[in-house]
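Chain naming here is simple, since letters A, B, ... match the order of the sequence lines and numbering starts at 1 in each.
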Protein chains: 2
Amino acid sequence: MVTINDIAKKAKVSKSTVSKVINNYSGVGDDTKEKVLKIMKENNYWPNSVARSLSTKKSYTIGIFGPQILNNFFFREVFEGIEAVMGDKGYDLLYFTNKQWDESWVDYSYKEKCENRNVDGVIMMGYGKVNIAQFDRLLNSEIPSVFIDLDLVGSNTSYVTSDNTGGAKKAVEYLYSLGHRKIAMIRGLNGFKVATDRFVGFQQAVKALNLPYNSKWMFDGDYSMETGYRSMEKILKLDKKPTAIFAEDLIAVGAIKAIREAGLKVPADFSVIGFDSIEVGRHYNLTTIAQDQIGLGQAASKLLLNIINQKSFSPIILPTRLIEGETCKKI
Amino acid sequence: MVTINDIAKKAKVSKSTVSKVINNYSGVGDDTKEKVLKIMKENNYWPNSVARSLSTKKSYTIGIFGPQILNNFFFREVFEGIEAVMGDKGYDLLYFTNKQWDESWVDYSYKEKCENRNVDGVIMMGYGKVNIAQFDRLLNSEIPSVFIDLDLVGSNTSYVTSDNTGGAKKAVEYLYSLGHRKIAMIRGLNGFKVATDRFVGFQQAVKALNLPYNSKWMFDGDYSMETGYRSMEKILKLDKKPTAIFAEDLIAVGAIKAIREAGLKVPADFSVIGFDSIEVGRHYNLTTIAQDQIGLGQAASKLLLNIINQKSFSPIILPTRLIEGETCKKI
DNA sequence: ATAATTAAATAAACCGGTTTCGAAGGAAGT
DNA sequence: ACTTCCTTCGAAACCGGTTTATTTAATTAT
């Protein structure tokens, strides 16, 4: 590997001078600069980021944490948005793997890992709920951080999320406009921020529209087709059945499977509306409240860059959008 | 951030001694070691990876390049396999973003980026075909690299791939066993290694089984539903129609859409067999030749670690597996 | 008691950059 | 001609670690 010393030697100047040329600082004569640039090019020299990062404390690297990013349809697209913005600004992405630490490592966590690798900032995604102790040290550190879907703020922390409450309202209002009055909801993971927000929106709309609220039409589960399938099985056994089901996309798809396997049809027998707009839902022509996944990633990135560059920042809530597929019908 | 000097000062020893403790080297008395460890723990000290990497040339970071990783269903799962193995061994993953460089940066490519960030090795994925000049400098460098689905080898380079040829054969033989004789193939991107291999396997099987080969049943396209849809439209207009279609999953799903929209059914009117076994295909109960995506990621990681650790290595070809869904039928 | 051996600890150089500060040299001002 | 002021450049310190070589101290051998 060719280093700054090699270049200095070949150009017969000091390494300080080469450094100044690299960084385009003043204090270097035109002819010297010319000469150094020429030699840099001839030797295909690129300054080592690691060494540079050691002295400048700036690494042009953004850390990414997330327990379930890679398993998750949703975050794959968020990642896409992050890559676009960060790549454009010259940052690379450091994905922290989830090694199983033994107990003696409990204090080696987000903050320490970030400091350790000198990342300029970090995006936290895929964490469903806040475990105070877990994020405490990170929040109280100097490290710029942006959370996706967790409303944490601090002097160097902010977040982006979709308007989950508003989106859920929108779903209910849409079903209402189609004539539905009895609406079931299969919720995502209990305690998860987004699931809770959506439930709140659902309840607000139900109340505002004066719809019947039946606790037997409410289900908890995780973010899986399985949950949708099982919950729908239970709905099918009820005497008083709802006419429409509201659930996150993957869950909604599971519900649709259960409906079809029972010999019934969507939307003829049940209307189903999802939330998310993930790839899979699109294949079912699912009517859904779409989030802008790529937009979330982009927004998170821009927000993080603002924090890093000491510009003003505040949380960003992205609007949702109704996508009419073929799983809801007027009754 | 607490540094090695802070620890040295507090423990009243030299930084060399602290370093030896960190690395568990000999030459440190038991009581001194004890004392240093205690102070390290009290101050929640973790040695800075960047500084360490600068002097040791080892960063515990694996680079990942790929033009389309994040857009791609397939590579999302490969990534999962990589994360599992690399995380387990204590490596983090550096995802190189794809900045648009201006022309003056042509020589700043894979090799330079890797050297720049001191990655210990690199996994190249999502590159469909070999552009010699593109990979030349990387292959001739000291940087351990593993390609996924491109058969490049070198003194520090190897690759992993699925048995694409064998898999394609398997698909044809399966259709044959169901009574199919007229088989169409919609190929992936022209010139792409995997697409070519599969076509070769297809042809070998057709020949071996003495099946009719009709060039009108052969289609080129890209890896998209659109390709499947358009090609199937053409097939439906043929006088002599095939009875079965072989295509990569996403393409197969597009074909199924076209068949259904024409008022026909799968597998009643056409049998369809895919290749890949991506999530989307599973929702269509697609019969397919499955690759082991996670396994590919794991194999690539282990292979790379072998190269890094100077152990013997050779390319790895993973077997494929027939998954019987509901899109093929006996005729 | 002295020399030889071994273990423990440190000083100093190094990794590849950046940054501060002072020296050298030329141009301008008086 | 002498001071003053820029401009250009390089020496040296620094970032936070590792590693080599050497000093110091304690142990053992003679």
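Look at S19(B) and you'll find a side-chain N or O under 4.0 angstrom from OP1 or OP2 of dT18(D). Look at T32(A) and you'll find a side-chain N or O under 4.0 angstrom from OP1 or OP2 of dC9(D).
For DNA chain D, the residues of residues 5-13 of chain A within the heavy-atom distance limit of 4.0 Å (strictly under) are K12(A), V13(A), sorted by number.
The distance between atom NZ of K57(B) and atom C1' of dT18(D), rounded to the nearest whole Å, is 11 Å. For the pair Y25(A) OH and dT8(D) P, the interatomic distance rounds to 17 Å; values are reported in whole Å. When rounded to the nearest whole Å, the span between NZ of K33(A) and C1' of dC9(D) equals 15 Å. The interatomic distance linking K15(A) (NZ) with dA11(D) (C1') rounds to 11 Å, in whole Å.
In this structure, V78(A) and M125(A) approach most closely via the heavy-atom pair CG1-SD, 4.1 Å. When all heavy atoms are compared, the tightest approach of K129(A) to F135(A) is O-CE1, 4.2 Å.
Using a 4.0 Å heavy-atom criterion, one finds that G29(B) contacts the sugar-phosphate atoms exclusively. As judged by a 4.0 angstrom heavy-atom cut-off over every strand, T3(A) is placed among residues touching the sugar-phosphate backbone only.
To the nearest 0.5 Å, the span separating CG on D92(A) from OG1 on T61(A) amounts to 6.0 Å. With rounding to the nearest 0.5 Å, the separation of NZ in K57(A) from CZ in R52(A) is 14.5 Å. The CD1 atom of I143(A) lies 10.5 Å from the CG atom of D120(A); values are rounded to the nearest 0.5 Å.
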Contact state string [nucleotides 20-27 of chain D, B base, S sugar-phosphate only, - no protein heavy atom under 4.0 Å]: --------
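Atom CG of D30(B) is surrounded by 12 or fewer heavy atoms from other residues, nucleotides or ligands within 6.0 Å.
Two residues, V2(B) and S14(A), neighbour DNA chain D, and the one matched to the more 5' nucleotide by heavy-atom proximity is S14(A). Comparing S55(B) and V18(A) along DNA chain C, the residue whose closest nucleotide (by nearest heavy atom) sits nearer the 5' end is S55(B).
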For K10(A) and D6(A), what are the C-alpha separation, side-chain angles and deciding distance, and is it a salt bridge (Lys or Arg N to Asp or Glu O under 4.0 Å)? CA-CA 6 Å; K10(A) 294 194 184 188; D6(A) 301 330; over 6 Å; no
For the pair Y127(B) and F147(B), evaluate ring-ring contact (aromatic ring centres under 6.0 Å, His included) and give the outcome as yes or no after the intermediate values. CA-CA 9 Å; Y127(B) 296 91; F147(B) 282 78; 7.1 Å; no
Please test E34(B) against K38(B) for salt bridge (Lys or Arg N to Asp or Glu O under 4.0 Å), starting from the C-alpha separation and ending with a verdict. CA-CA 6 Å; E34(B) 201 79 15; K38(B) 180 160 161 281; over 6 Å; no
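Ring orientation note: the planes of F96(B) and F65(B) are close to parallel, at an angle under 30° on the 30°/60° scale.
Think of the region where chain A sits on DNA chain C: with heavy atoms and a 4.0 Å cut, that region ends 5' and 3' at dG16(C) to dT19(C).
Aromatic ring centres of Y95(A) and Y95(B) lie farther apart than the 6.0 Å criterion allows.
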